[in-house]
Engineer: 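Structure incoming, see below.
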Amino acid sequence: MSAFSDSLKKYIGMKSETEIACDPVEQGAVRRYAQAIMYEDPIFAKACENNERYGGPVAPPLFPTHLFRRPLGTEDPIQANARNPDFDGIVAATSSQGLPNIEPLNGYALLNGGSEIEFFRYALRGESVKLVSHYADIIEKETSKGPIVLVVTESEYRTGEGELLIRTRRTQIRRK
Amino acid sequence: MALGKTPYFEDVAVGLELPGLEKGPLTTAHLMRWSAAMENWHKIHYDKPFAIEHDKLPGLLINGSLKQQFVMQLIADWAGPQGWPWKASFQFRAMNLVEETVRVWGRVTGKREAPDFGLIDIELGIINDAGKESTPGTAVVALPYKSGKPVPYPFVPPNL
């Protein structure tokens with residue numbers, strides 16, 4: 001096994017702390033999100049018959065998975081990398097799922113490889129969301145386009161009260 | 001409460017095609033709006049020189065994170081207010097480039113009975129204008145029985 005492989009393996013099983021999204025589920029954020037995904041179901045806008053059993057206006061199904069943003073007062077990676085030609089624009093606070101950066105993959109491009117999603121409950125307006133993740137697997141593969149590394153992350157999103165919202169298992173493709 | 005547009009488990013046949021979704025053409029404005037909504041700014045979705053010269057991609061890519069929203073919409077809309085879009089699984093096998101129109105499709109492949117509701121197995125995917133499949137996947141939707149109650153909410157997976 002190579003030193004590179006060894007350096008990756010130590011991340012498998014690594015867990016995040018419980019992270020609480022810096023903002024609760026807000027009406028304006030839900031509106032922008034629903035408009036951006038072009039899914040303007042009335043259940044996201046106001047109390048209606050179709051969201052009665054959910055308890056009122058809800059956020060789109062995957063909204064909680066995108067609620068982890070950079071809090072005020074933390075370093076601005078866009079400004080910090082304004083002169084870095086290799087900066088890919090990814091904001092770690094919104095994409096890391098609370099997990100540490102995999103240092104051996106610095107400089108590797110990132111593509112979304114796919115997901116497995118289990119959906120249990122909508123997030124309601126005003127609720128907070130918390131997240132726990134771990135690296136489930138890291139796999140090196142040879143492809144026709146060269147070597148790649150698959151990083152598999154499992155995450156659980158819960159309300160601030162602990163109710164399970166969503167489980168995800170995501171695969172990121174990293175390549176030179 | 002009325003069942004609304006949720007289909008009953010008994011009325012769904014294997015082979016049934018779900019009502020498809022069409023999104024697009026998806027322009028850089030769409031992709032920027034999505035980046036702003038989720039507050040992430042991966043350049044491969046809006047900075048063409050970076051995408052092509054730095055990351056060696058064929059052009060600006062439609063976000064996988066956006067395409068997965070379309071998959072969830074397909075199954076949530078079909079499940080309706082008394083059903084439940086329990087699971088979705090998909091792989092981004094091919095790239096979709098900016099300016100493409102994508103069509104999300106689904107087809108019933110199986111049915112399973114649980115004590116309080118039924119489960120519908122679905123094959124799904126996303127094709128572009130040229131008919132190329134980029135996002136093959138599967139889903140499981142829970143639907144009520146005609147003689148039963150709405151699918152429980154919050155959803156509790158059955159023991160099968």
Side-chain angles (χ1 to χ4, degrees), chain A residues 29-39 41 43 48-55 60-63 65-70 77-78 85-95 109-122 145 163-165 167 169-173 175-176, chain B residues 1-2 4-5 21 23-24 26 30 32-47 50 54-57 61 63-73 75-77 80-82 84-93 95 135-137 139-140 150 153-157:
Chain A
V30 168
R31 177 185 56 75
R32 287 188 291 276
Y33 191 100
Q35 289 173 339
I37 63 176
M38 295 168 281
Y39 186 14
D41 191 312
I43 67 170
C48 59
E49 183 181 356
N50 282 354
N51 60 27
E52 192 177 312
R53 78 186 194 117
Y54 308 141
L62 300 181
F63 181 88
T65 68
H66 289 104
L67 195 52
F68 293 81
R69 285 109 189 245
R70 186 177 71 82
I78 292 177
D86 294 320
F87 177 57
D88 58 12
I90 295 175
V91 177
T94 59
S95 66
L110 184 153
L111 289 171
N112 193 340
S115 291
E116 296 170 33
I117 294 163
E118 269 195 287
F119 181 41
F120 300 95
R121 177 189 181 284
Y122 284 105
K145 294 177 181 171
E163 282 194 67
L164 182 59
L165 296 166
R167 275 197 202 110
R169 180 179 167 91
R170 292 190 176 101
T171 302
Q172 289 184 335
I173 301 169
R175 64 184 176 91
K176 270 285 190 192
Chain B
M1 185 184 291
K5 58 181 180 177
L21 273 181
K23 302 280 187 176
L26 296 170
H30 289 86
M32 281 304 298
R33 181 170 64 175
W34 171 237
S35 292
M38 66 170 175
E39 296 183 33
N40 209 351
W41 311 95
H42 198 178
K43 291 179 179 177
I44 62 173
H45 305 301
Y46 59 87
D47 184 335
F50 185 90
H54 188 278
D55 272 13
K56 313 298 182 203
L57 296 168
L61 304 190
N63 314 55
S65 58
L66 182 56
K67 290 189 287 186
Q68 70 184 7
Q69 310 288 332
F70 304 157
V71 169
M72 288 305 290
Q73 181 180 349
I75 61 171
D77 280 354
Q82 308 301 313
W84 190 251
W86 175 25
K87 287 184 180 179
S89 174
F90 39 83
Q91 294 181 323
F92 299 120
R93 293 265 184 90
M95 299 170 186
T135 315
V140 182
Y153 181 83
F155 184 70
V156 179

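Labels below follow one simple rule: chain letters A, B, ... track the order of the sequence lines, proteins then strands, and each chain is numbered from 1.
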Engineer: Only pairs of heavy atoms separated by less than 4.5 Å count here; which of A:Gln35, A:Arg169, A:Arg32, A:Glu163 has the most with chain B?
Structural biologist: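 Of the candidates given, the most pairs with chain B belong to A:Gln35.
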Engineer: With a 4.5 angstrom heavy-atom cut-off, could you sort out which part of A:Leu165 is near chain B: side chain, backbone, both or neither?
Structural biologist: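 Interface part for A:Leu165: neither.
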Engineer: Given a strict heavy-atom distance threshold of 4.5 Å, which part of A:Arg175 is in contact with chain B: side chain, backbone, both, or neither?
Structural biologist: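 Contact with chain B is through the side chain of A:Arg175 alone.
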Engineer: Please confirm whether the ring centroid of B:Trp41 lies under 6.0 Å from the ring centroid of B:Tyr46.
Structural biologist: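 No, the ring of B:Trp41 stays outside the 6.0 Å limit from the ring of B:Tyr46, centre to centre.
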Engineer: Tell me whether B:Lys56 contacts the main-chain N or O of A:Lys176 through its side chain, where contact means a donor paired with an acceptor under 3.5 Å.
Structural biologist: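 Flag not set: sc B:Lys56 to bb A:Lys176 has no pair under 3.5 Å.
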Engineer: As an exercise: rank B:His30, B:His45, B:Lys43 by heavy-atom pairs under 4.5 Å with chain A and give me the winner.
Structural biologist: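 Counting heavy-atom pairs under 4.5 Å, the top option is B:Lys43.
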Engineer: Of all of A:Ala109, A:Gly114, A:Ser115, which one pairs up most often with chain B through heavy atoms under 4.5 Å apart?
Structural biologist: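 Ranked by contacts with chain B, first place is A:Ser115.
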Engineer: Check for a donor-acceptor pair, side chain of A:Arg167 on one end and backbone N or O of A:Glu116 on the other, with a separation under 3.5 Å.
Structural biologist: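 Looks like no, no N/O pair under 3.5 Å.
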Engineer: What is the ring orientation for A:Tyr122 with A:Tyr54, classed by angle as parallel under 30°, tilted 30 to 60°, or perpendicular over 60°?
Structural biologist: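 The rings of A:Tyr122 and A:Tyr54 sit tilted, inter-plane angle from 30° to 60°.
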Engineer: Side chain, backbone, both or neither: which part of B:Asn63 has an atom under 4.5 Å from a heavy atom of chain A?
Structural biologist: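 When you check distances to chain A, no heavy atom of B:Asn63 falls under 4.5 Å.
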Engineer: Sequence neighbours excluded, which residues qualify as ring-ring contact (aromatic ring centres under 6.0 Å, His included) partners of B:Phe70?
Structural biologist: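 Once residues adjacent in sequence are excluded, B:Phe70 has no partner under the ring-ring contact (aromatic ring centres under 6.0 Å, His included) criterion.
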Engineer: Which one wins on heavy-atom pair count under 4.5 Å against chain B: A:Gly89, A:Pro85, A:Pro77?
Structural biologist: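 Looking at each option in turn, the highest pair count goes to A:Gly89.
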Engineer: Quick check: do A:Phe120 and B:Pro157 have side-chain heavy atoms less than 4.5 Å from each other?
Structural biologist: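 Yes, at least one pair of side-chain atoms sits under 4.5 Å.
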Engineer: Where on B:Ser65 is there a heavy atom nearer than 4.5 Å to chain A: the side chain, the backbone, both, or neither?
Structural biologist: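 Both parts, heavy atoms under 4.5 Å.
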Engineer: Less than 4.5 Å apart, side chain to side chain, heavy atoms only: is that true for A:Leu62 and B:Gln69?
Structural biologist: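 With C-beta onward as the side chain, the pair touches.
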Engineer: Is the closest side-chain heavy-atom distance between A:Met38 and B:Gln73 below 4.5 Å?
Structural biologist: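 Answer no - side chains too far apart.
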Engineer: Of all of A:Gly113, A:Pro61, A:Ala29, which one pairs up most often with chain B through heavy atoms under 4.5 Å apart?
Structural biologist: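 Looking at each of A:Gly113, A:Pro61, A:Ala29 in turn, A:Gly113 comes out on top.
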Engineer: Tell me, side chain or backbone of A:Asp86 under 4.5 Å from chain B's heavy atoms, or both, or neither?
Structural biologist: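 For A:Asp86, the contact with chain B is made by backbone and side chain together.
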Engineer: For the CZ atom on B:Arg93, are there more than 12 heavy atoms of other groups (residues, nucleotides or ligands in this structure) within a distance under 6.0 Å?
Structural biologist: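 Open.
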Engineer: Mind checking what makes side chain to side chain contact (heavy atoms under 4.5 Å, CB included) contact with A:Asp88, not counting sequence neighbours?
Structural biologist: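 Result, side chain to side chain contact (heavy atoms under 4.5 Å, CB included) vs A:Asp88: A:Ile90, B:His42, B:Phe50.
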Engineer: Check each atom of B:Met32 against the heavy atoms of chain A and say whether the ones under 4.5 Å are side chain, backbone, both or neither.
Structural biologist: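 Neither part; nothing is under 4.5 Å.
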Engineer: Go through A:Glu118 and B:Trp86 one step at a time and tell me if the side-chain contact (heavy atoms from CB on, under 4.5 Å) criterion holds.
Structural biologist: CA-CA 6 Å; A:Glu118 269 195 287; B:Trp86 175 25; 3.0 Å; yes
Engineer: Which bit of B:Trp34 comes within less than 4.5 Å of chain A, counting heavy atoms only: side chain, backbone, both or neither?
Structural biologist: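 The answer is both parts of B:Trp34.
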Engineer: What part of B:Ile75 lies closer than 4.5 angstrom to a heavy atom of chain A: side chain, backbone, both or neither?
Structural biologist: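 Answer is neither: B:Ile75 stays 4.5 Å or more from chain A.
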Engineer: Checking B:Lys87 against chain A: side chain, backbone, both or neither under 4.5 Å from a heavy atom?
Structural biologist: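 Answer is both: backbone and side chain atoms of B:Lys87 are under 4.5 Å from chain A.
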Engineer: So which part of A:Leu111 gets closer than 4.5 Å to some heavy atom of chain B, the side chain, the backbone, both or neither?
Structural biologist: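 Side chain of A:Leu111 only, per the 4.5 Å heavy-atom cut-off to chain B.
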Engineer: At a heavy-atom separation under 4.5 Å, does B:Leu61 approach chain A through its side chain, its backbone, both, or neither?
Structural biologist: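 Looking at B:Leu61, just its side chain touches chain A.
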Engineer: Side chain, backbone, both or neither: which part of A:Pro60 has a heavy atom under 4.5 Å from chain B?
Structural biologist: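 Looking at A:Pro60, nothing touches chain B.
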